[in-house]
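Here is the structure we will look at.
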Amino acid sequence: MDGLVEKCDICIIGASIAGNYLGYLLYHSNLNIIIIEEHKNVGLPFQCAGIVSKKLSKLINLPENIILNRVKIAKLVSPSNKSLRLYGNEEPFIVDRIALDQLFYKKLEKSSNVKYLLGEKFKSFQYKKKRKNKKEIEIQTSKRKIVSKLLIGCDGPFSSVGKHVGVNNKVIYATQIRIKGLFNEQEAVMHFDNKWNDLFGWIVPEGNKIFRVGLACSKNIKENFNNFLKRINIDFNKKIDQQGGIIPVGMMNKVSYDNVMLIGDSACQVKATTGGGIIMLLIASKYAANCIIKCFKSNNFSKKYIKKNYEKPCFREIGKELKTHYLIRNLLKYFKNQDFDEFFTIIENSDIKNIISFYGDMDFPKKLLFKLLKNPYVFRFLLKFFIKKPKFLLKSIFLLK
Ligand SMILES: Cc1cc2nc3c(=O)[nH]c(=O)nc-3n(C[C@H](O)[C@H](O)[C@H](O)COP(=O)(O)OP(=O)(O)OC[C@H]3O[C@@H](n4cnc5c(N)ncnc54)[C@H](O)[C@@H]3O)c2cc1C
């Protein structure tokens with residue numbers, strides 16, 4: 001294949017949810033799109049707990065077969081096994097993630113202006129100067145060269161496109177098994193512990209008495225996962241199958257560069273409280289698609305233009321909320337094991353449960369956080385963290401601005 005050069009308007013790297021959805025949003029534009037995916041099959045390997053808020057059905061036209069279950073209760077479990085059940089209007093979906101990744105791929109695979117190159121890897125890119133300071137991108141894949149006006153990195157947490165523009169995501173490691181079990185099929189459970197304080201251990205009911213049981217943390221993932229399974233009395237050897245994966249941690253990165261954009265996990269558009277990225281990347285993709293159409297209409301692919309039309313509006317909607325998630329995650333890291341018990345008791349014995357039910361939002365927590373901070377019990381409880389960690393207080397004020 002050496003020497004093969006293709007031309008396109010937009011080259012998207014990664015045919016997972018972000019890349020496929022962006023392709024779908026753009027295919028009506030008649031721009032020529034190439035989507036490159038290093039795996040031969042879209043949606044595989046499956047690496048997800050698949051819990052997504054009901055906003056999903058507002059953002060996309062969601063076929064019923066993608067929803068495997070819905071949960072009514074979020075159960076939080078402290079290291080000493082004290083639990084807190086939260087009910088709300090959220091009732092998130094448990095999705096068939098493979099089907100979700102394939103949903104837009106199936107709509108696009110036969111379209112005349114979108115071409116998938118599966119089993120092919122993006123390697124590098126360089127700018128090619130054109131007239132009047134205009135640039136194009138020359139992309140090198142494992143099989144060919146592609147010349148494109150825009151390059152979009154939808155290539156996940158370890159984004160190679162991102163690395164080329166100087167983005168290196170901080171990540172945590174996740175492992176998950178699917179298992180038949182006797183847990184409650186209406187509850188999504190989160191187990192907190194100091195040993196895995198980058199996130200939590202989870203039990204997510206897939207339906208038909210199958211549960212997705214996983215854990216994510218920055219180190220000792222195997223040992224922590226085994227301890228977690230022991231704690232919840234699960235025999236690893238009885239698993240149906242096992243998944244692994246990487247979750248980026250932080251707030252939204254810079255996502256605009258000359259002729260280049262980042263979306264989804266590559267852009268760290270992921271909630272630091274839960275590791276969930278699907279809702280955020282769908283919202284980001286809409287802003288990105290809108291910006292791309294404008295770029296072609298005005299023949300302007302500059303960083304400044306992309307920043308104005310993608311990064312800024314996207315930040316206004318999801319960036320601030322991602323900062324709030326990050327702040328909450330950092331606060332939880334300061335919790336000692338007994339702090340979880342104390343916090344759960346405060347929530348149980350006051351009207352905070354009602355506030356959470358009313359204002360709780362899996363994706364947009366800022367409103368709830370402000371409501372909670374106004375509650376004297378919560379405020380007094382949190383004060384000790386701010387007094388002990390004045391730098392954290394300053395950072396929080398900066399993040400919540
Ligand atoms: C264990 C686990 C559980 C999770 N649970 C949830 C959850 O319950 N709810 C939720 O909302 N989110 C969850 N997430 C996060 C969610 O899966 C991600 O936010 C989402 O998959 C990001 O989509 P993406 O398209 O940006 O990137 P990815 O899904 O990571 O896809 C990137 C794609 O790019 C391809 N690629 C990478 N490099 C190259 C290259 N050089 N050349 C060509 N192709 C390349 C990859 O093969 C992949 O197909 C979970 C993640 C993990 C790991």
Side-chain angles (χ1 to χ4, degrees), residues 11-23 34-53 55-56 59 71 92-95 97-98 100-102 104-105 116-125 139-143 146 151-164 169 171-178 188 190 199-202 204 206 212-217 221 225 242-249 255 262-285 288 322 362-363:
C11 183
I12 299 174
I13 312 299
S16 177
I17 177 82
N20 292 334
Y21 184 54
L22 182 72
I34 291 181
I35 304 183
I36 296 174
E37 168 57 50
E38 63 180 331
H39 291 102
K40 287 196 174 128
N41 297 304
V42 170
L44 295 172
F46 150 68
Q47 301 173 325
C48 195
I51 180 159
V52 189
S53 74
K55 286 185 204 77
L56 184 64
L59 286 165
V71 286
F93 299 119
I94 311 303
V95 297
R97 178 61 202 269
I98 301 172
L100 183 63
D101 279 13
Q102 291 181 348
F104 300 107
Y105 165 66
Y116 275 88
L117 300 175
L118 301 181
E120 187 161 335
K121 193 171 169 136
F122 164 86
K123 295 224 153 171
S124 61
F125 80 83
I139 294 152
Q140 181 66 57
T141 77
S142 50
K143 296 193 179 159
I146 298 169
L151 169 65
I152 320 288
C154 298
D155 50 345
F158 282 142
S159 169
S160 306
V161 178
K163 283 194 184 111
H164 272 77
N169 284 318
V171 299
I172 55 174
Y173 303 90
T175 186
Q176 174 177 275
I177 55 173
R178 287 170 65 248
M190 282 158 269
L199 206 68
F200 45 72
W202 64 83
V204 170
E206 181 182 296
R212 298 170 182 173
V213 177
L215 185 135
C217 59
I221 177 78
F225 189 51
Q242 183 170 14
Q243 298 80 42
I246 307 284
I247 299 174
V249 218
V255 294
L262 301 178
I263 305 173
D265 275 19
S266 69
C268 203
Q269 288 161 338
V270 174
K271 300 177 285 181
T273 50
T274 63
I278 294 171
I279 293 294
M280 296 302 181
L281 69 83
L282 292 174
I283 296 173
S285 300
L322 289 170
M362 281 171 69
D363 306 302

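Every number for a ligand or one of its atoms is a count from 1 in the order of the listing.
- Using a distance-only test at 3.5 Å, with no hydrogens or angles considered, a donor-acceptor pair links the side chain of Ser285 to the main chain of Leu281.
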Just do the side-chain contact (heavy atoms from CB on, under 4.5 Å) check on Val171 and Phe158 with the steps written out, would you?
-> CA-CA 8 Å; Val171 299; Phe158 282 142; 3.8 Å; yes
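- Using a distance-only test at 3.5 Å, with no hydrogens or angles considered, no donor-acceptor pair links the side chain of Ser53 to the main chain of Met362.
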List the steps, then state whether side-chain hydrogen bond (donor to acceptor under 3.5 Å, both in side chains) holds for Gln243 with Gln176.
-> CA-CA 5 Å; Gln243 298 80 42; Gln176 174 177 275; 3.0 Å; yes
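- A side chain to side chain contact (heavy atoms under 4.5 Å, CB included) with Ile13 is found for exactly one of Ile35, Asp155, Thr141, namely Asp155.
- A donor-acceptor pair under 3.5 Å links the side-chain atoms of Gln269 to the main chain of Gly264, judged by distance alone.
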Atom pairs and distances, ligand 1 N/O vs protein N/O under 3.5 Å:
residue	atom	partner	partner atom	Å
ligand 1	5 (N)	Ala49	N	3.0
ligand 1	8 (O)	Gly50	N	3.1
ligand 1	8 (O)	Ile51	N	2.9
ligand 1	8 (O)	Ile51	O	3.4
ligand 1	9 (N)	Ile51	O	2.9
ligand 1	11 (O)	Gly277	N	3.2
ligand 1	11 (O)	Ile278	N	3.1
ligand 1	12 (N)	Gly277	N	3.1
ligand 1	17 (O)	Arg97	NH1	2.8
ligand 1	19 (O)	Asp265	OD1	2.7
ligand 1	21 (O)	Arg97	NH1	3.1
ligand 1	21 (O)	Arg97	NH2	2.8
ligand 1	25 (O)	Ala18	N	3.0
ligand 1	26 (O)	Asp265	N	2.9
ligand 1	29 (O)	Ser16	OG	2.7
ligand 1	31 (O)	Ser16	OG	3.4
ligand 1	38 (N)	Glu38	OE2	3.4
ligand 1	41 (N)	Phe122	O	3.2
ligand 1	42 (N)	Phe122	N	2.9
ligand 1	44 (N)	Glu38	N	3.1
ligand 1	47 (O)	Glu37	OE2	2.7
ligand 1	47 (O)	His39	ND1	2.9
ligand 1	49 (O)	Glu37	OE1	2.6
ligand 1	49 (O)	Glu37	OE2	3.2

